[in-house]
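Protein chains get the first letters and strands the later ones, always in sequence-line order, with residue 1 at the start of each. Excluded from the calculations below are hydrogen atoms, water molecules and symmetry mates; all remaining heavy atoms, backbone and side chain alike, are included.
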Amino acid sequence: MSQQLSTKHLLGIENLTLEDIELIFKTADEFKDVINRPIKKVPSLRDITIANVFFENSTRTKLSFELAEKRLSADVINFSSSNSSVKKGETLLDTVNNILSMKVDMIVMRHASPGAPHFLSRHIEANIVNAGDGTHEHPTQALLDTYSIRERLGEVGGKKVAIIGDILHSRVALSNIFALQKLGAEVMVCGPITLLPKHIQSLGVKVELDVRKALEWCDVANILRIQLERQQIKYFPSLREYSLYYGVNKALLDSLNKEITIMHPGPINRGVEINSDVADSDHAIILDQVENGVAVRMAVLYLLASVSK
Amino acid sequence: MERRLLLGQPQLAITISRLCQELIENHENFENTVILGLQPRGIYLAERIRARLEEFTKVKVDLGYLDSTFFRDDFRRRDSPVRANETRIDFLVEGKDVILVDDVFYTGRSVRASLDAMTAFGRPAKVELLALIERKYAHHVPIKPDYIGKQVNTIDSQRVLVEWKGAGVEEDTIWLINTEE
């Protein structure tokens, strides 16, 4: 197995190799052990400074990254655009170059524009971790999702995974499709036709409009939130109607005659895409995903920092 | 590449037995003693030491594997990164007499890192170090093994290769390799 990532930035799953993903998983195994000890901290990144630059709101991802950085003993600075000079008209490159002038080694960035971290990677030296770029990719989420599947089911290869919900606006969906396929899983997307991107079949995924059929097919259902904040037009008549046709509830799962693993990247809209009786059930690994998120992000930061030279 | 035999059989088995006898002298019934094999290669020696001790004393000493990768002081300073290995310690080292076990003692830096890594599992009463091979005159930090199988004089371009049965070879053997002709 390789000891080093093939890239110095984590821009998306699309640019990772299978060996990269396996190395991240193997390293995350050891970090998961570390964060379950009484003393949860290791000194690996003690001479590294990381800036979390968030141009878009985030709770879970930002906390998870910050915790991962602190567990690795990195120095952390936080930036969010809502209270910054971006509001005064500064460009992305200027903002980041100013941060880098303060001798920052790594940038963790979330941005509403797809490709923003790719643009940055062409102009700056620091390692960049994409924490979500618009509707494009969210690589660490896909890594922690597939890591959680591996943990629950033993392996990802050969498993059938259905991604259900708002595929059109989801960066989680695209990154998951890439990660699952690289690891050898079969992928299906399911949602109202208006929320499925055109030509999604060209990625080699199955497409299903009926949520029951999708659930009957899959071993794992990854249920996504309806991203109302990204929807400028109406894609379906009402949330109530969406819930009626695409909401996953216990009665539906009980009628399947099989057990499937339920995932959700959060935040959950209870009663819309998923009901509480499913989200809080033993089949759901939603909180495991959150725990694994810290371990996986520690692995990503650690491995990227080690290829900086 | 030229290689010279440092320890073959039966000398290696005799050395391990002698190291165990030294441990028995100092630890008597091993009531409060635990062994930590240092990843990646010290674990094989640690397994052998424990098995031999059990033959001598009928006591099965607690054994754990300790990985110090995340505690190393050469992160980002090496040409190629070190891969992390499993740490498996099912007990607390708080108040225990710990015997750290490694196959080759060279600069001492990985033992220093291991001492740091161990603090996550408690504060031991006492820590000792056992090394099968000590490379003399090469230490970078003021740390020395308490139990030594064999001391060798080496230069930087030489490497000590320890082959453990079970890791793909017929017999436990230790070689000194010249990497430069």
Segment of [X] engaging chain A (4.5 angstrom heavy-atom cut-off):
X: B:T119; value: backbone
X: B:D67; value: neither
X: B:R88; value: neither

Exercise for the section: Answer with yes or no after comparing the ring centroid distance for B:F75 and A:Y302 against a 6.0 Å cut-off, counting only values under it. Expected result: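 Here the rings of A:Y302 and B:F75 have centres that are less than 6.0 Å from each other.
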
Handout entry: Salt-bridge present (B:R41, B:E163; N to O < 4.0 Å)
Key =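 So B:R41 does not pair with B:E163 through a salt bridge.
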
Exercise for the section: Salt-bridge test for A:R150 and A:D29: reply yes if a basic N is under 4.0 Å from a carboxylate O, no otherwise. Expected result: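 A:D29 and A:R150: salt-bridged.
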
Exercise for the section: Could you check A:H136 against A:H118 for ring pair (Phe, Tyr, Trp, His ring centres under 6.0 Å), going step by step and ending with a plain yes or no? Expected result: CA-CA 11 Å; A:H136 180 223; A:H118 304 69; 5.3 Å; yes

Contacting region of [X] [heavy-atom separation from chain B under 4.5 Å]:
X: A:I48; value: side chain
X: A:K40; value: neither
X: A:D47; value: side chain

Exercise for the section: May I ask you to name which of B:D116, B:L92, B:T69, B:T87 has the most heavy-atom pairs under 4.5 Å with chain A? Expected result: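 When all of B:D116, B:L92, B:T69, B:T87 are compared, B:T87 has the most.
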
Practice task
Could you check whether the rings of A:F25 and A:Y147 sit parallel, tilted or perpendicular, using 30° and 60° as the cut-offs?
Solution key: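 A:F25 and A:Y147: perpendicular rings.
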
Practice task
Mark yes or no: B:R135 above the aromatic ring of B:Y106, with NZ or CZ under 6.0 Å from the six-membered ring centre and no more than 45 degrees from the axis.
Solution key: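 Geometry flag: set, cation within 6.0 Å and 45°.
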
